[in-house]
Amino acid sequence: MNGAEPMRVLVTGGSGLVGKAIEHVVKQEGGCLKGEQWTFLYSKEANLVDLQQTRAVFEKYRPTHVIHLAAKVGGLYLHMKDNLHFLRDNLRINDNVLQTSHEMGVTKVVSCLSSCIFPDKTTYPIDESMIHNGPPHDSNFGYSHAKRMIDIQNRGYFAQHGRHYTAVIPTNVYGPYDNFNFENGHVLSALMHKTYAAKKEGTPLQVWGSGTPRRQFIYSLDVARLFLWVLREYDEIDPIILSVGEEEELTIKDAVEMIADALDFKGQIVFDTSKSDGQMKKTASNAKLRRYLPDFTFTPLSEGIKKTCDWFVHNYDIART
Ligand code: NDP
């Protein structure tokens, strides 16, 4: 693609869960084609909340394509405490990246939305056409509204400037390099860390919430492979959901049991129902993805959990805990 010139791809948020998975696919699975340059950006090199730093880093790398992952991201409980901050930082990061991309002639941007931005009151399964059909869940309204604006901006850049800026919507991502912090991590990674600690200390595993909410989980390397396809092949401005099928949605309790198996935890599991559950479900349809890629094989959850637990145990010293 992109005529004669090989792509120069800038990946914002290159140090995160999804960024590291894309780096793996690019460097270890032959995802980088001849002549291409891939740069994985850390916040140390440019704080994208700041416009001058954003412009400087784009000047430095002169990307033709951008994968925009950088975001102020957290778990349920951190979002509930800090919604305004999530809104403001993410609005700034996204506007800086999209507008700078436009000003510097970037041909394609693929940004990352999230299934937690969907309307709270909705029918299921949710699909790509329903993103703006009502307010998101209160628990993360700041992050969600900022993410929704990416889709609006993408439409604007296409309508006014013919730019091909689009977005993907992954459901719950997990994998190596996730944030395993008890309070601020994503649900699976926080649970892996808690299970690891409970086993080490011989204490019961305390799971926050009832365990009954249902989720679709996608392994970070699957997300990464799909990202490369979107970057190279997907021509729509409208976003596309990256998810396992609706039939693979399962409860937090089911996932906890897989984690206990993977870490060989035999102790008691206690569900603390005084803690919030968040959305009870947010079933997303992957029908659009399946129309494009009917044969894509997702990593089974038990296998992805086992690989992630093994990574966590072997990389405890460098993992974000
Ligand atoms: P991580 O928290 O693992 O990574 C976040 C990334 O954003 C890091 O590389 C971080 O850089 C970077 N970042 C944060 N603030 C700034 C800033 N001010 N300037 C520059 N970079 C910054 O997130 P994930 O990999 O999980 O998420 C990637 C994208 O996917 C996000 O847009 C997220 O909203 C979206 N997403 C994630 C899902 C999930 O379940 N994980 C689900 C759906 C969507 P550094 O570490 O160097 O500070």
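Order of appearance sets the numbers: ligands from 1, and atoms from 1 within every ligand.
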Proximity winner for [atom], if only heavy atoms of [options] are counted:
atom: atom 37 (C) of ligand 1; options: I93, V173, I67; value: V173
atom: atom 5 (C) of ligand 1; options: G13, A46, A71, C116; value: A71
atom: atom 32 (O) of ligand 1; options: R92, H68, K147; value: K147
atom: atom 10 (C) of ligand 1; options: S243, G16, S15; value: S15
atom: atom 24 (P) of ligand 1; options: L17, L113, V187, L41; value: L17
atom: atom 29 (C) of ligand 1; options: I22, L69, L242; value: L69

### Query
Distance under 6.0 Å and angle within 45° of the ring axis: does K275 meet both against F182?
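Relative to the ring axis of F182, which defines the angle, K275 lies outside at least one limit.
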### Task
Is it possible for you to check whether K20 lies under 6.0 Å from the centre of the six-membered ring of Y177, through NZ or CZ, and within 45° of that ring's axis?
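So K20 does make the cation-pi contact.
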#### Entry: Numbering as shown, the atoms of ligand 1 that approach N47 to under 4.0 Å (heavy-atom distance)
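Listed by number with element: 17 (C), 18 (N), 19 (N).
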### Query
Which atoms of ligand 1 sit under 4.0 Å from any heavy atom of V49?
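Taking each heavy atom of V49 in turn, ligand 1 has 18 (N) under 4.0 Å.
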Suppose we call two aromatic rings close when their centres sit under 6.0 Å apart. Are [X] and [Y] close by that rule?
X: F298; Y: F296; answer: yes
X: Y196; Y: F180; answer: no
X: H186; Y: Y174; answer: no

### Query
When you check the gap from the basic side-chain N to the acidic O, do K307 and D310 get nearer than 4.0 Å?
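Salt bridge absent between K307 and D310.
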### Task
Identify whether the distance between the nearest side-chain nitrogen and carboxylate oxygen of K306 and E303 falls below 4.0 Å.
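Salt bridge flag = no for E303 with K306.
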### Query
Mind checking whether T308 and P176 have side chains closer than 4.5 Å, heavy atoms only?
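Counting from C-beta outward, T308 and P176 do come under 4.5 Å.
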Look at [atom] and say which protein heavy atom is nearest, naming residue and atom and giving the distance to 0.1 Å.
atom: atom 19 (N) of ligand 1; answer: L48 N, 2.9 Å
atom: atom 41 (N) of ligand 1; answer: H186 CE1, 3.1 Å
atom: atom 42 (C) of ligand 1; answer: T171 O, 3.4 Å
atom: atom 23 (O) of ligand 1; answer: V73 CG2, 4.0 Å
atom: atom 48 (O) of ligand 1; answer: S43 OG, 2.6 Å
atom: atom 35 (C) of ligand 1; answer: C112 SG, 3.5 Å

### Task
Would you check if there is a donor-acceptor pair between the side chains of E236 and Y292 at a distance under 3.5 Å?
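Result is yes, a qualifying pair exists.
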### Query
Would S210 and D277 count as having a side-chain donor-acceptor pair, cut-off 3.5 Å?
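A donor-acceptor contact under 3.5 Å links the two side chains.
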Before signing off on this row, confirm whether [X] and ligand 1 have an N or O atom pair separated by under 3.5 Å.
X: R320; result: yes
X: Y42; result: no
X: K72; result: no
X: Y143; result: yes
X: V18; result: yes

### Nearest heavy-atom neighbours spanning C32 and W38
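Reported closest heavy-atom pair: SG-CD1, 3.6 Å.
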#### Entry: Closest non-hydrogen atom pair between T122 and I126, with its separation
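So the two residues come closest at CG2-CD1, 3.7 Å.
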### Query
Which one holds for N172 and ligand 1: side chain close, backbone close, both close, or neither close, with close meaning a heavy atom under 4.0 Å?
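Answer for N172: backbone.
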### Message
I need the contact type for D178 against ligand 1. Using non-hydrogen atoms and a strict under-4.0 Å cut-off, is it side chain, backbone, both or neither?
### Response
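Neither; nothing of D178 gets under 4.0 Å from ligand 1.
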### Query
For N179, is the nearest heavy atom under 4.0 Å from an atom of ligand 1?
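N179: no contact with ligand 1 (<4.0 Å).
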### Message
Just verifying a value: how many Å separate S144 OG and F86 CZ, rounded to the nearest 0.5 Å?
### Response
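It is 10.5 Å, given to the nearest 0.5 Å.
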